[in-house]
Engineer: 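The structure follows.
All chains are named by letter (A, B, ...) in the order of the sequence lines, taking the proteins before the strands, and each is independently numbered beginning at 1.
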Protein chains: 2
Amino acid sequence: MPMEKKTLKQRIVDASVVLFQQDGYHNVTVDRIVEHIGASKGGFYHNFKSKDALLYEIHDVFISYVIRQSQEAYDKYDTPISRLCALMQTLTHVFDLYQEHITVFYEESRSLSAEYSAIIHDKRSHYRKILQTVIEEGQQTGDFRAELPATIVTMAIVGMINWTYKWFKQSGPLTMEEITKVFSDMVLHAIVTEQAMEEAIQFMIKDKPAI
Amino acid sequence: MPMEKKTLKQRIVDASVVLFQQDGYHNVTVDRIVEHIGASKGGFYHNFKSKDALLYEIHDVFISYVIRQSQEAYDKYDTPISRLCALMQTLTHVFDLYQEHITVFYEESRSLSAEYSAIIHDKRSHYRKILQTVIEEGQQTGDFRAELPATIVTMAIVGMINWTYKWFKQSGPLTMEEITKVFSDMVLHAIVTEQAMEEAIQFMIKDKPAI
DNA sequence: CCCTAATAACCGACTGGTCGGTTTGCATTT
DNA sequence: AAATGCAAACCGACCAGTCGGTTATTAGGG
C-alpha cells in the first residue's frame, strides 16, 4: 500500500462512485468510466485487477471510515446516552459526506466476489457490534429499557438511519441536522428508562406549537 | 385481464422472484429462468414483452398488495394509535409472505424502464401517504407529539421496518411477531403524547426482568 | 359426438450487439 | 536500456430478443 497523491487510480474511484450510484454497477462499463475521466482502458487495468476490485475499493473506503469515526465517538464519551447520540450523529453525518458511496455500498454489494464480500461482511458486523454494545451497556446501567431485546433495538436504529440513503436529498427541504435531531429524539423516547430520562432531555427537541 | 389458473406465466414469475432475489436481476438470464422451470425462451417471450416487463410484474404484485392491505387496515380501525399499530403490523406481516418480492423491489427497481419506474414510484408515494396521513391525524387529535415533523416520523417508521428485509431470516432466532412487537413499542414510546399514552399501553410489551 | 379449422400457447436454434479483460505498442522517466 | 504509465485495437464469451415452426386448445358445422 504505497502512499498515493492525485493519481489516475483516485480519479477512477471518484468518477466511478458517481456513475455507479447513478446507473448501477452493471450499467456502467469500464469503457464509460475511463472515457468519463479522459483515460484509457489500459490505464484502468494497470491500476485495478478487475472491475470487481474497484467496487471493493469503494466499499472499503466507506465502511472503514464509518468504523473509525464510530470508535472515536465511543471513546470520546462515557455514558450510554451520550455515546448513543454520538454514534447516531456520526452515522447521519457520514451521509452528507459519502452519499454516493453509501448507495453503492447498499445496492451493489451483491456484485462483490466471494472473497471481497466476506471482508466487507465482517466489517459490517464490526460496526453493528459497536452500536449494540452501547445499547447493552445502557441496559445494564439502567439507562435503557432492559425489556427490549438489544439486537432488535440495534437493527431498528440502524434501519431508521440507513434508510435515509433512499429518500434524503441534499437539495431537498430537510437538512440532515434536522433529521438527526428528530431521529435522536425518537430513539431516546423509545428506549431510555424513566429514571434516566433527565440526562436524555438535553438531546431532545424543545416543544414548539403544532405544525 | 382474463382469469388465470396455473399458467406458465405464473410459474415464470414464481421462479424468477426467487432467482432475482438470490443473484440479482442482471445475473439471472432468461435462459436460466426458463431452464429452471423446464420451459423455453419462446414461451417466455410469448408471455412477457421483455425481461423488463417481468420485473415490473414482480414489483406490481407486491406494492399493490401492500396498498390494498394497508387501506383495509386503515378502514378497519378508527383511532390514530390503533391505525398506526395496524399499519405497522400489516407491513411487517407482508415480509413473511413476500420476502423475495421485497428484496427484488428494493434492490432491482433501478433496472425498471422509465415508464414502469414511474408507475411504481407513484404507488410507492401512495403507500407513504397512507401512513403519513395517520401520523398527521394523530397529531391533530393530540395523540401524537406535534413537535415532530410528520414526514420525518413517517420515513423513520418506514425505514425501521423496511430495513428488516436486509437482515431478517425466517430461519433465524427471531420471529417477525417478536420484531413487530418491539418496533411498535418503540414507535409508540417515541411519538405518543403523555396524555394519550394510556391507550397506547395495551399495544406495548409487558415489563420483564432484564436479559 | 366427431371432425375440421382456426387460433393460442409454446419451442429452440440463431443473431447482433455488448462488455470485461488482454495484448501490443509507444512515450517518458530513471 | 530497463522499467513505468498509459493508449488503443482486439478477442471471446455472453445474452436479450427474434423468428419460423410445432403442439395444444377451443369453436362450430354436420
Side-chain angles (χ1 to χ4, degrees), chain A residues 1-59 104 107-117, chain B residues 1-20 22-59 104 108-117:
Chain A
M1 298 79 176
M3 184 166 64
E4 313 283 44
K5 298 170 275 193
K6 201 63 180 180
T7 60
L8 178 62
K9 181 171 180 175
Q10 193 55 51
R11 283 163 59 215
I12 290 173
V13 171
D14 291 345
S16 57
V17 170
V18 176
L19 294 175
F20 287 167
Q21 183 235 2
Q22 277 176 0
D23 297 344
Y25 179 75
H26 287 279
N27 299 317
V28 177
T29 64
V30 174
D31 285 321
R32 204 174 130 204
I33 294 170
V34 297
E35 187 237 31
H36 189 261
I37 59 175
S40 73
K41 225 166 171 181
F44 181 95
Y45 280 97
H46 178 74
N47 286 284
F48 292 98
K49 207 172 118 285
S50 62
K51 190 187 176 191
D52 186 74
L54 165 62
L55 185 60
Y56 169 73
E57 179 91 8
I58 294 170
H59 274 69
V104 175
E107 305 267 319
E108 311 294 350
S109 61
R110 181 172 34 211
S111 299
L112 288 172
S113 69
E115 40 179 353
Y116 289 142
S117 187
Chain B
M1 299 80 176
M3 185 164 65
E4 312 283 43
K5 298 171 275 192
K6 202 65 179 179
T7 62
L8 178 62
K9 182 170 179 174
Q10 193 54 51
R11 283 163 59 214
I12 291 173
V13 171
D14 290 346
S16 58
V17 169
V18 176
L19 294 175
F20 287 167
Q22 276 176 0
D23 296 344
Y25 178 75
H26 288 279
N27 299 317
V28 177
T29 65
V30 174
D31 284 321
R32 205 174 129 205
I33 294 170
V34 298
E35 188 238 31
H36 189 261
I37 59 174
S40 73
K41 221 161 176 185
F44 181 94
Y45 280 97
H46 178 75
N47 286 284
F48 293 98
K49 206 172 119 285
S50 62
K51 189 187 176 190
D52 185 74
L54 165 62
L55 185 60
Y56 169 73
E57 179 91 6
I58 294 169
H59 274 69
V104 175
E108 311 294 350
S109 61
R110 183 171 33 211
S111 300
L112 288 172
S113 69
E115 40 180 354
Y116 289 142
S117 187

Engineer: Between protein and nucleotides 18-27 of chain C, map the contacts as a letter string: B base, S sugar-phosphate only, - none, heavy atoms under 4.0 Å, written 5' to 3'.
Structural biologist: -SBBB-----
Engineer: Check the distance between D:dG5's C1' and A:Phe48's CZ and give it to me in whole angstrom.
Structural biologist: 15 Å
Engineer: Could you pull out all residues at least two apart from B:Glu108 that satisfy side chain to side chain contact (heavy atoms under 4.5 Å, CB included)?
Structural biologist: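 Once residues adjacent in sequence are excluded, the partners of B:Glu108 under the side chain to side chain contact (heavy atoms under 4.5 Å, CB included) criterion are A:Arg110, B:Tyr25, B:Leu55, B:Val104, B:Ser111.
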Engineer: Salt bridge (charged side-chain N to carboxylate O under 4.0 Å, His left out) with B:Lys41: which residues, sequence neighbours excluded?
Structural biologist: B:Asp31
Engineer: According to side chain to side chain contact (heavy atoms under 4.5 Å, CB included), who are the partners of A:Ser113, at least two apart in sequence or on a separate chain?
Structural biologist: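 A:Ser113 satisfies side chain to side chain contact (heavy atoms under 4.5 Å, CB included) with A:Asp52, A:Glu115, A:Tyr116 only.
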Engineer: Does D:dG5 have OP1 or OP2 under 4.0 Å away from a side-chain N or O of A:His46?
Structural biologist: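 For A:His46, the contact criterion (side-chain N or O under 4.0 Å from OP1 or OP2 of D:dG5) is met.
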Engineer: Report the residues that fulfil ring-ring contact (aromatic ring centres under 6.0 Å, His included) with A:Tyr45, sequence neighbours left out, ordered by chain and then residue number.
Structural biologist: none
Engineer: For B:His26, check ring-ring contact (aromatic ring centres under 6.0 Å, His included) against everything at least two apart and list the hits.
Structural biologist: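 In terms of ring-ring contact (aromatic ring centres under 6.0 Å, His included), with neighbours along the sequence ignored, B:His26 is linked to A:His26.
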Engineer: Using a cut-off of less than 4.0 Å, is there contact between a side-chain N or O of A:Asn47 and OP1 or OP2 of D:dG5?
Structural biologist: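 No.
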